[in-house]
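Each remark here refers to the structure printed beneath this line.
Computed over heavy atoms, backbone and side chain alike; hydrogens, waters and symmetry mates excluded. Chain A is the first sequence line, chain B the second, and so forth, proteins listed ahead of strands; every chain is numbered from 1. Remember, predicted model here, so these are calculated numbers, not experimental data.
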Amino acid sequence: MVMAGFKSDFLHTLAERGFIQQTSDDEALDRLLQKESVTGYIGFDPTAASLHAGSLIQIMLLYWFQRTGHRPISLMGGGTGMIGDPSFKDDARQLMTPQRIAENIASLKRVFSSYLTYGEAPGDALMLDNAEWLSGIEYIPFLRDVGRHFSVNRMLSFDSVRLRLDREQSLSFLEFNYMILQAYDFVELSRRHDCRLQMGGSDQWGNIVNGIDLGHRMGTPQLFALTSPLLTTASGAKMGKSADGAVWLNSELLSAYDFWQYWRNTEDADVSRFLKLYTPLPIDEIERLSTLGGSEINEVKKVLATEVTALLHGRHAAEEAAETARKTFEEGAFASTLPTIEVPSSELEAGVGMLALYVRAGLAASNGEMRRHVKGGAVRINDDAVSDDQRVIGADDVSSDGVVKLSLGKKKHVLVRPV
RNA sequence: GGAGGGGUGUCCGAGUGGUUAAAGGAGGCGGACUGUAAAUCCGCUGGCUAAGCCUACGUUGGUUCGAAUCCAACCCCCUCCA
């Protein structure tokens with residue numbers, strides 16, 4: 001990588017922060033980005049109701065793209081989502097219903113406005129959906145206009161599908177078409193919005209390059225690719241997974257507090273890298289923070305957590321999460337802003353089994369799991385260890401603060417509030 | 001369409017009639033140690049109204065006192081042939 005060589009703000013910033021895996025043409029792209037405001041896009045398939053932390057790097061690419069004077073497009077895969085990207089997947093994805101896709105897209109969209117400014121002014125971001133042009137495609141004309149430009153021989157040679165074939169896993173014709181449609185997206189965006197750059201994770205390289213090739217053959221201006229590295233934590237885990245599965249970006253699926261906690265628990269070895277990738281803090285500030293070691297690094301982790309959370313959920317929510325954590329972990333005190341569930345007072349008067357209550361609070365998936373946790377000494381109610389899984393929680397467990405504090409392990413706490 | 005191989009728990013992967021809720025590994029969770037980290041060590045890891053019961057080894061039937069294991073049909077995948 002010729003980091004030192006980048007002159008455009010965008011590529012310079014990206015290189016400095018560790019975003020770049022590869023580009024299709026470093027020099028030409030750099031020149032273009034210096035010369036004019038460029039339009040670029042990243043596609044997001046609606047495979048779930050929310051993006052998770054693993055997609056955050058892609059969103060940050062768009063964020064920096066806009067901040068350095070260019071026009072980002074967030075493209076929802078309403079059309080491609082009907083197929084499912086087979087790249088580097090071992091099995092075919094479950095087909096999603098159109099209704100599900102529509103719901104997911106609606107939900108996905110909510111997050112983007114935290115990072116990008118949408119609108120009509122020059123440089124304002126665009127939110128598009130490829131169903132707009134894909135769903136109306138006619139098969140025969142499409143094959144003649146677009147299909148003829150693809151060589152099956154070549155498509156089979158891409159790692160993204162070759163690995164699948166090498167593993168002797170079936171790749172359906174349906175899925176095989178995914179890369180054609182993604183390539184076509186790029187051409188369509190070039191024509192409709194003068195889009196010149198497609199970005200994405202390194203697993204998208206093949207798909208993106210296909211789009212560039214198709215553009216050549218269909219007469220678009222020169223298109224460009226830029227991919228980001230596939231990120232893992234220093235100890236090798238995939239980004240975005242944690243205790244209860246994915247680290248969702250949508251607040252309905254993961255509270256700002258839990259999101260903050262995820263970043264607070266970053267491994268030491270990742271802190272500096274994550275500050276560069278996931279926060280907008282200036283590089284020299286990050287470098288200063290990175291000199292802190294030992295237990296001082298905990299302060300840096302708080303900065304990381306707060307900055308990442310502030311960008312997504314707003315400064316206020318981020319600071320509230322930080323304060324909740326401070327009270328809970330540093331003072332060992334009680335923070336009324338901890339995650340809370342409400343239970344009718346009448347139910348508490350009658351007494352509720354603790355197993356069921358923990359399950360309701362989302363701290364365990366089943367009573368059986370809770371029984372094991374009790375046996376393992378992981379359970380505390382109002383900070384008192386519990387060893388009896390028959391324990392009933394009643395009105396007299398409600399503390400002077402008006403709640404019951406359920407804890408599982410050292411990190412998970414939920415308040416039960418009678419209503 | 002023909003021949004052969006295969007479908008096991010979150011994932012990978014053993015198991016070919018009975019102490020099999022199914023070895024082992026990974027992942028996850030909890031505990032200890034720390035710094036709400038990593039590494040390491042220990043424990044847990046299908047559900048329930050729980051010394052019992054239910055669900056589970058592609059699907060549906062069958063053989064048997066008893067099946068993930070045997071039989072039949074079907075579905076899906078792989079390889080070769082057409």
Inset, instruction - Could you work out which one of B:rU36, B:rA37, B:rG35 sits closest to the side chain of A:Glu267? - result: B:rA37
Inset, instruction - Look at the side chain of A:Asn265 and decide which nucleotide, out of B:rA37, B:rA50, B:rG35, has an atom nearest to it. - result: B:rA37
Is [X] close enough to [N] that one of its side-chain N or O atoms is under 4.0 Å from OP1 or OP2 there?
X        : N      : result
A:Lys410 : B:rA32 : yes
A:Lys412 : B:rG30 : yes
A:Ser366 : B:rG47 : yes
A:Lys411 : B:rG31 : no

When all nucleic acid strands are considered with a 4.0 Å heavy-atom cut-off, which category describes [X]: base, sugar-phosphate, or nothing?
X        : answer
A:Thr266 : sugar-phosphate
A:Ala364 : nothing
A:Arg372 : sugar-phosphate
A:Glu296 : nothing
A:Lys301 : base

Inset, instruction - Evaluate the ring planes of A:Phe10 and A:His70, with Trp represented by its six-membered ring, and classify them as parallel (under 30°), tilted (30 to 60°) or perpendicular (over 60°). - result: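 Judged by the thresholds at 30° and 60°, the geometry between A:Phe10 and A:His70 is perpendicular.
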Legend entry - Minimal non-hydrogen separation, A:Arg17 against A:Ile283, with atom names: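 Scanning both residues completely, I find the closest heavy atoms to be CG-CD1, 3.8 Å.
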Legend entry - Smallest separation among heavy atoms of A:Thr80 and A:Asn130, with atom names: OG1-ND2, 2.9 Å
Find the partner of [N]: check Watson-Crick (N1-N3 plus N6-O4 or O6-N4) and G-U wobble (N1-O2, O6-N3) distances, both under 3.5 Å, and reply none if neither fits.
N      : value
B:rG1  : B:rC81
B:rC48 : B:rG52
B:rG61 : B:rC71
B:rU19 : none

Legend entry - Side chain A:Ser114, main chain A:Leu312, donor-acceptor under 3.5 Å: yes
Inset, instruction - Compute whether any side-chain donor of one residue and acceptor of the other, for A:Asn207 and A:Gln198, lie under 3.5 angstrom apart. - result: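 Distance-only check fails for A:Asn207 and A:Gln198.
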Inset, instruction - Could you tell me whether the side chain of A:Glu330 has a donor or acceptor atom within less than 3.5 Å of a complementary atom in the base of B:rU36? - result: no
Inset, instruction - Answer yes or no: side-chain N or O of A:Asn367 and base N or O of B:rG47 forming a donor-acceptor pair under 3.5 Å. - result: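 Side chain to base: no pair below 3.5 Å.
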